[in-house]
Asks: 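Would you mind keeping the following structure in view while I ask a few things?
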Amino acid sequence: MSSNRALLLCLAEHFPALPAAGWTIRPLNGLTRESVSIEQKGVSLIGRAQTVHSADIGVSRQKEARILHRLRDSGLAPRVAGFSHGWLLLYRVEGETLPPERIQQPDFIPQLAALVSNLHNQPLTGYRLPLKAQADRHFHLTDKRRRTPQLLRIHRHFMREAEPQPLKLAPAHMDIHPGNIVTAAGELHLIDWEYAADTDIGLSLATLFRANHWSLTLIHTFLRYYSAYHCPQRVLAQTCRWQARADYMMVMWFESRWGQTGDPQFLQYPAALKAAAGLR
């Protein structure tokens with residue numbers, strides 16, 4: 001079944017009162033290019049496809065739908081409109097995505113800390129992040145020509161070494177950056193929950209800090225306002241314990257996407273991230 005036909009079947013199932021020919025469907029920009037904008041008669045949706053590429057790297061739209069359903073009363077995430085035929089339908093979160101420079105500004109950090117604290121205080125979703133299995137899956141999707149002895153050595157090290165004991169397990173978005181933060185009426189909301197899972201707050205925060213290139217000063221500011229755990233010093237220490245794994249996980253994501261697609265944009269990840277993961 002073609003993706004377009006599957007989407008129209010999904011829309012017909014969940015919006016039977018609206019004519020199938022009346023939907024306006026447009027692709028959305030993004031690294032994965034698996035989302036579309038859908039509109040008709042005041043209904044504004046985002047459609048997210050389950051594709052072979054996304055499934056190969058561990059993305060499940062069914063899991064995403066269930067996590068978002070469990071967060072439906074939190075005000076943090078989009079509302080689910082339906083899931084069927086390999087498509088997840090979400091009601092669009094109205095507002096503007098965060099300007100890239102805003103996440104580097106100290107006066108914004110307390111608001112973001114409140115958002116992340118709220119998420120980390122939500123009940124567990126029931127989907128634990130299988131970090132080692134995910135890293136191994138990503139490794140086997142990399143281009144074999146790029147599996148240097150150094151990369152293989154680092155991969156074996158992370159697969160063999162025990163992970164830090166959790167400080168606090170919590171729901172985590174795992175992909176917080178300006179493009180996934182929507183501001184509306186002074187409030188923040190998170191979109192693109194495909195990597196969400198329950199994990200230690202140390203790993204969640206290590207990923208947040210590295211992905212947004214925060215200085216130690218911004219990290220300390222964030223932890224001063226972060227309220228999901230009572231001791232900022234212990235949270236920082238736990239984040240440091242997870243940092244190398246977070247760096248490697250992020251590098252493997254870019255490498256696996258390059259292995260899947262051959263798209264050169266996936267090899268343009270920051271050199272600082274590659275260096276932090278111990279790769280040259």
Side-chain angles (χ1 to χ4, degrees), residues 28-33 35 46 64 67-68 71 74-78 90 92-122 129 170-197 199-229 232 235-236 238-240 242-251 253-254 257 265-266 268-277:
L28 292 174
N29 293 328
L31 283 176
T32 56
R33 300 187 183 126
S35 296
I46 300 295
E64 186 178 351
I67 288 175
L68 291 174
L71 291 168
S74 69
L76 295 166
L90 305 172
R92 180 188 292 274
V93 177
E94 299 300 337
E96 301 293 330
T97 54
L98 192 74
E101 67 278 4
R102 186 70 176 126
I103 207 163
Q104 296 286 341
Q105 296 170 350
D107 67 316
F108 172 73
I109 302 302
Q111 190 178 9
L112 182 58
L115 178 79
V116 176
S117 298
N118 186 2
L119 175 57
H120 287 178
N121 279 327
Q122 297 296 315
L129 177 65
H173 182 279
M174 298 304 294
D175 194 23
I176 297 177
H177 58 78
N180 284 343
I181 302 172
V182 173
T183 65
E187 295 186 355
L188 302 182
H189 307 275
L190 294 171
I191 59 174
D192 292 0
W193 288 75
E194 61 190 359
Y195 301 115
T199 193
D200 184 50
I201 59 173
L203 177 59
S204 173
L205 295 178
T207 305
L208 169 68
F209 298 162
R210 182 69 77 201
N212 294 290
H213 319 295
W214 278 359
S215 66
L216 191 57
T217 299
L218 286 179
I219 291 171
H220 281 298
T221 300
F222 178 92
L223 293 176
R224 192 159 62 246
Y225 292 94
Y226 176 76
S227 61
Y229 193 85
V235 175
L236 181 59
Q238 185 74 349
T239 301
C240 292
W242 280 104
Q243 192 65 66
R245 288 174 179 81
D247 294 338
Y248 184 65
M249 176 183 69
M250 294 165 70
V251 166
W253 184 89
F254 281 102
R257 293 297 282 151
Q265 70 174 327
F266 291 112
Q268 295 173 3
Y269 56 86
L273 175 60
K274 188 172 182 179

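Quick caveat, the model's predicted, so the values are computed rather than measured.
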Asks: Report yes if some heavy atom in the side chain of Arg224 is under 4.5 Å from a heavy atom in the side chain of Ile109; otherwise report no.
Replies: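 Not in contact.
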Asks: Evaluate the side-chain proximity of Gln238 to Leu205: yes if any heavy-atom separation is below 4.5 Å, no if none is.
Replies: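 SC-SC contact between Leu205 and Gln238 ruled out.
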Asks: Backbone N or O of Ile103 within a donor-acceptor pair of the Trp214 side chain at under 3.5 Å?
Replies: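 Yes, because the side chain of Trp214 sits within donor-acceptor range (under 3.5 Å) of the backbone of Ile103.
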Asks: What is the minimum heavy-atom distance between Ala246 and Leu203, and which atoms define it?
Replies: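 That closest heavy-atom pairing would be CB-CD1, 3.9 Å.
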Asks: Going by heavy atoms in the side chains, are Phe222 and Val116 under 4.5 Å from each other?
Replies: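 When only atoms from C-beta onward are counted, Val116 and Phe222 do touch, with a gap below 4.5 Å.
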Asks: Identify whether the distance between the nearest side-chain nitrogen and carboxylate oxygen of Arg102 and Asp107 falls below 4.0 Å.
Replies: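 Salt bridge between Arg102 and Asp107, a charged N being under 4.0 Å from a carboxylate O: yes.
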Asks: Among all residues two or more places apart in sequence or in another chain, which pass the ring-ring contact (aromatic ring centres under 6.0 Å, His included) test with Tyr229?
Replies: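 Partners of Tyr229 by the ring-ring contact (aromatic ring centres under 6.0 Å, His included) criterion come out as none, since no residue qualifies.
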Asks: Any side-chain heavy atom of Thr207 sitting closer than 4.5 Å to one from Trp242?
Replies: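 No; the side chains remain at least 4.5 Å from each other.
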Asks: Could you report the tightest heavy-atom contact between Glu64 and Trp193, atom names first, then the distance?
Replies: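 Glu64 and Trp193 have their closest heavy atoms at OE2-N, 3.7 Å.
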Asks: Please report the C-alpha distance between Leu115 and Leu119 in whole Å, then the side-chain angles of each, then the deciding distance to 0.1 Å, and finally whether the side chain to side chain contact (heavy atoms under 4.5 Å, CB included) criterion is met.
Replies: CA-CA 6 Å; Leu115 178 79; Leu119 175 57; over 6 Å; no
Asks: Could you list the donor-acceptor pairs under 3.5 angstrom formed by side chains in residues 171-186, with sequence neighbours left out?
Replies:
from   : atom 1 : to     : atom 2 : distance (Å)
His173 : ND1    : Asp175 : N      : 3.1
His173 : NE2    : Ile191 : O      : 2.7
His173 : NE2    : Asp192 : O      : 3.0
Asp175 : OD2    : Asn180 : ND2    : 3.1
His177 : ND1    : Gly179 : N      : 3.1
His177 : NE2    : Asn180 : ND2    : 3.1
Asn180 : ND2    : Asp175 : O      : 2.8
Thr183 : OG1    : Glu96  : O      : 3.3

Asks: Answer with yes or no whether the side chains of Asn212 and Gln104 bring together a donor and an acceptor at under 3.5 Å.
Replies: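 No, because no side-chain N or O of Gln104 sits under 3.5 Å from a partner of the opposite role on Asn212.
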Asks: Excluding sequence neighbours, so at least two apart, what forms salt bridge (charged side-chain N to carboxylate O under 4.0 Å, His left out) with Arg92?
Replies: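 So Arg92 forms no salt bridge (charged side-chain N to carboxylate O under 4.0 Å, His left out) with any residue.
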Asks: If every non-hydrogen atom of Ala77 is compared with every non-hydrogen atom of Leu68, which pair is closest and at what distance?
Replies: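 Closest approach of Ala77 to Leu68: CB-CD2, 3.5 Å.
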Asks: Which pair of non-hydrogen atoms, one from Ala206 and one from Gln243, has the smallest distance, and what is that distance?
Replies: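 Smallest interatomic distance, heavy atoms only, reads O-NE2, 3.3 Å.
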Asks: Rounded to the nearest 0.5 Å, what separation is found between the NE2 atom of His189 and the CG atom of Leu76?
Replies: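 The distance works out to 9.0 Å.
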Asks: At their closest point, which heavy atom of Asn121 faces which heavy atom of Ser227, and how far apart are they?
Replies: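 Scanning both residues, the minimum pair turns out to be ND2-O, 4.2 Å.
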Asks: Show the numbers, then the answer: is there a side chain to side chain contact (heavy atoms under 4.5 Å, CB included) between Phe209 and Leu216?
Replies: CA-CA 9 Å; Phe209 298 162; Leu216 191 57; over 6 Å; no
Asks: Please tell me if the side chains of Leu129 and Tyr195 come closer than 4.5 Å, counting only heavy atoms from C-beta onward.
Replies: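 In short, these two side chains do not touch, never coming nearer than 4.5 Å.
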Asks: Can you tell if the side chain of Tyr226 reaches within under 4.5 Å of the side chain of Ile201, non-hydrogen atoms only?
Replies: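 The answer is yes, as the side chains (C-beta and beyond) meet within the 4.5 Å cut-off.
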Asks: Shortest non-hydrogen contact from Ser117 to Tyr225?
Replies: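 Reported closest heavy-atom pair: OG-O, 4.2 Å.
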